[in-house]
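Below, all heavy atoms of this structure are taken into account, side chains as well, without hydrogens, waters or symmetry copies. Chain identifiers are assigned alphabetically (A, B, ...) following the order of the sequence lines, protein sequences preceding nucleic acid strands; residue numbering begins at 1 within each chain.
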2 protein chains.
Amino acid sequence: MRWAGAGVINLKTKSGGTQNSGDLKAIFHAKRLKCTPQRLAVLKVLKESGAYLSINMLDKKVKEMLPGTGLATVYRALETLEELGLVAKVHLEDGCHSYAVAPEGHMHPIVCTECNKVIDFAECPLGELSEKLTQDTGIVIQNHFLQLFGKCRECQA
Amino acid sequence: MRWAGAGVINLKTKSGGTQNSGDLKAIFHAKRLKCTPQRLAVLKVLKESGAYLSINMLDKKVKEMLPGTGLATVYRALETLEELGLVAKVHLEDGCHSYAVAPEGHMHPIVCTECNKVIDFAECPLGELSEKLTQDTGIVIQNHFLQLFGKCRECQA
DNA sequence: CTTATAATTGAGAATCTTTCTCAATTGCGC
DNA sequence: GCGCAATTGAGAAAGATTCTCAATTATAAG
């Protein structure tokens, strides 16, 4: 079994957005989705972690927070939360999918290769570049995917 | 079954590097790896495609070129070719892994979201940004992953 | 050109990941 | 509270990837 996030506990690097429970309800209800304890638990685990967590790590932590939660529900919750823009999915280098709380605004993550902690930054260099590339190549750039990898302060020790 | 590369045939957008058969042999032998027809077939399929191909598409095309080749061998060949830096693995948005010939030098791909054709560009904006981010955050940036998505000229019609 | 050897392969089994099915449950508008 | 549609849990099913092992093969050495 492969999983990311081993040993990552409550780094709280990300604020995880500023929605309070009422905001969240509204976000769900706006799309006729129910605000269920399972979905909230998945989001809470991600918020408290501040790191990219793999499905398996998430499943484990969600079961601790809300015993009885099924793996399929974790998958479904992540799908829903991603559609709502509340969590972001990434592809770690080993091919394992992981998830983190989605940052607010247009940001990109720096992922610590040791502890999977995430720090987002806003200086996206792709706006200008995209225009230039469109001019040069004729390709209409629609989207981009950018992640940086590095070693965070704590893990440099 | 999901697969990328549907209907992508011989776009020849990428040169696929300049190794001739002798160079390739040397590359393999330098790491005590054998230059087998299966490995060459996988590389050839990718070179002739110029697009990101999923495992299943690759398997299909390799079997056409070299009947009898097993799926496990395609997986193993890709692993080997990736270690040698000859092919690049990507994560398409649906989570499906795909592979393309690795570009020469430091480049990033623009992937057409319609046909999966790949065009690489060299204007990587992350050198300076990485330094700045390291100064700002203390994180030592080691690596980055960048892909652009768009619609190529042909697919805009 | 043989031969010996270690790397590689094919086939299917095994494992892991993700999705699906369906009856039972539960949030939420009324 | 009631009723209904959305959601859940559990396990089955499907899909993706890796493993096992006997048979084959590329390669270096003679």
Side-chain angles (χ1 to χ4, degrees), chain A residues 1-5 21-22 24-43 53-60 62-84 89-99, chain B residues 1-5 21-22 24-43 52-60 62-84 87 89-99:
Chain A
M1 185 192 307
R2 300 128 132 217
W3 41 283
S21 137
L24 276 176
K25 262 198 165 182
I27 291 174
F28 283 115
H29 292 176
K31 302 212 176 178
R32 288 190 205 73
L33 296 168
K34 290 183 180 178
C35 188
T36 66
Q38 291 86 350
R39 284 169 176 169
L40 292 176
V42 170
L43 192 53
L53 298 184
S54 69
I55 294 278
N56 287 304
M57 178 55 84
L58 264 167
D59 184 49
K60 192 177 149 218
V62 168
K63 278 182 163 64
E64 284 167 13
M65 184 175 292
L66 195 69
T69 305
L71 174 59
T73 297
V74 174
Y75 273 99
R76 289 182 290 218
L78 286 169
E79 196 183 2
T80 303
L81 293 169
E82 200 187 1
E83 279 167 15
L84 292 175
K89 180 183 190 176
V90 292
H91 310 277
L92 296 188
E93 298 190 326
D94 64 356
C96 195
H97 288 168
S98 290
Y99 292 83
Chain B
M1 184 193 307
R2 300 130 131 214
W3 42 281
S21 135
L24 277 176
K25 263 199 162 179
I27 291 172
F28 284 115
H29 292 175
K31 301 213 177 175
R32 287 189 207 75
L33 296 168
K34 288 184 180 180
C35 187
T36 67
Q38 291 87 348
R39 285 168 175 170
L40 292 175
V42 170
L43 192 54
Y52 277 121
L53 299 183
S54 68
I55 294 278
N56 288 303
M57 178 56 84
L58 264 167
D59 184 47
K60 193 179 148 217
V62 168
K63 277 181 164 64
E64 285 167 13
M65 184 177 291
L66 195 67
T69 305
L71 175 59
T73 297
V74 174
Y75 273 98
R76 290 181 288 217
L78 286 169
E79 195 183 2
T80 303
L81 292 169
E82 200 187 0
E83 279 167 15
L84 292 176
V87 311
K89 182 183 191 175
V90 292
H91 311 276
L92 297 187
E93 298 189 325
D94 63 355
C96 195
H97 288 168
S98 290
Y99 292 83

Colleague: With the side chain counted from C-beta on, respond yes when A:L84 and A:L33 share a heavy-atom pair under 4.5 Å apart, and no when they do not.
Modeller: yes

Colleague: What distance do B:D59 atom CG and B:L53 atom CG have between them, rounded to the nearest 0.5 Å?
Modeller: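 Going from the CG atom of B:D59 to the CG atom of B:L53 covers 11.5 Å.
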
Colleague: Once you round it to whole Å, what is the distance between C1' of C:dA24 and CD of A:Q38?
Modeller: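 Computing the A:Q38:CD to C:dA24:C1' distance gives 13 Å.
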
Colleague: So which nucleotide from D:dT27, D:dA10, D:dT8 ends up closest to the side chain of B:H29?
Modeller: D:dT27

Colleague: Is there side-chain contact between A:V42 and A:Y75, with heavy atoms separated by less than 4.5 Å?
Modeller: no

Colleague: Once you apply a heavy-atom cut-off of 4.0 Å, does B:L71 come out as touching a base, just sugar-phosphate, or nothing?
Modeller: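 Result for B:L71 = base.
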
Colleague: OP1 or OP2 of C:dT18 less than 4.0 angstrom from a side-chain nitrogen or oxygen of A:Y75, does that happen here?
Modeller: yes

Colleague: Can you check the A:M57 CE to C:dT17 P distance for me, whole Å?
Modeller: 13 Å

Colleague: What nucleotide, of D:dT17, D:dT8, C:dT9, holds the atom closest to the side chain of B:H97?
Modeller: D:dT17

Colleague: Which atom names give the shortest non-hydrogen contact between A:A77 and A:R39, and what distance separates them?
Modeller: CB-CG, 4.1 Å

Colleague: Would you mind reading off the distance between B:L78 atom CG and C:dT8 atom C1', rounded to a whole angstrom?
Modeller: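 So the CG-C1' distance, B:L78 to C:dT8, works out to 15 Å.
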
Colleague: Could you please name the option among C:dT8, D:dA5, C:dG12 that lies closest to any side-chain atom of A:K34?
Modeller: D:dA5

Colleague: Taking the side chain as every heavy atom from C-beta outward, state whether A:E82 and A:L78 have any pair of such atoms under 4.5 Å apart.
Modeller: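 With C-beta onward as the side chain, the pair stays apart.
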
Colleague: May I have the distance from B:N56 (atom CG) to D:dA14 (atom C1'), rounded to whole angstrom?
Modeller: 13 Å

Colleague: Take atom CG of B:L84 and atom C1' of C:dA7, then tell me their distance rounded to the nearest Å.
Modeller: 14 Å

Colleague: Expressed as a whole number of angstroms, how long is the span from B:E79:CD to C:dA7:C1'?
Modeller: 14 Å

Colleague: Counting side-chain heavy atoms from CB outward, which of D:dA26, D:dT27, D:dA16 is closest to B:K25?
Modeller: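 For the B:K25 side chain, the nearest candidate turns out to be D:dT27.
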
Colleague: Round to a whole Å and report the spacing from NZ of A:K31 to P of C:dC28.
Modeller: 17 Å

Colleague: Need one value for A:L33: base, sugar-phosphate or nothing, where a base atom within 4.0 Å counts as base even if backbone is also close, heavy atoms only.
Modeller: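 Sugar-phosphate contact only.
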
Colleague: Please give, in whole Å, the distance from D:dT7 C1' to A:L81 CG?
Modeller: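 Spelled out: CG on A:L81 to C1' on D:dT7 is 13 Å.
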
Colleague: Using a 4.0 Å heavy-atom cut-off across all strands, classify B:R76 as base, sugar-phosphate, or nothing.
Modeller: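 Base contact.
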
Colleague: OP1 or OP2 of C:dG27 sitting under 4.0 Å from any side-chain N/O of A:T36?
Modeller: no

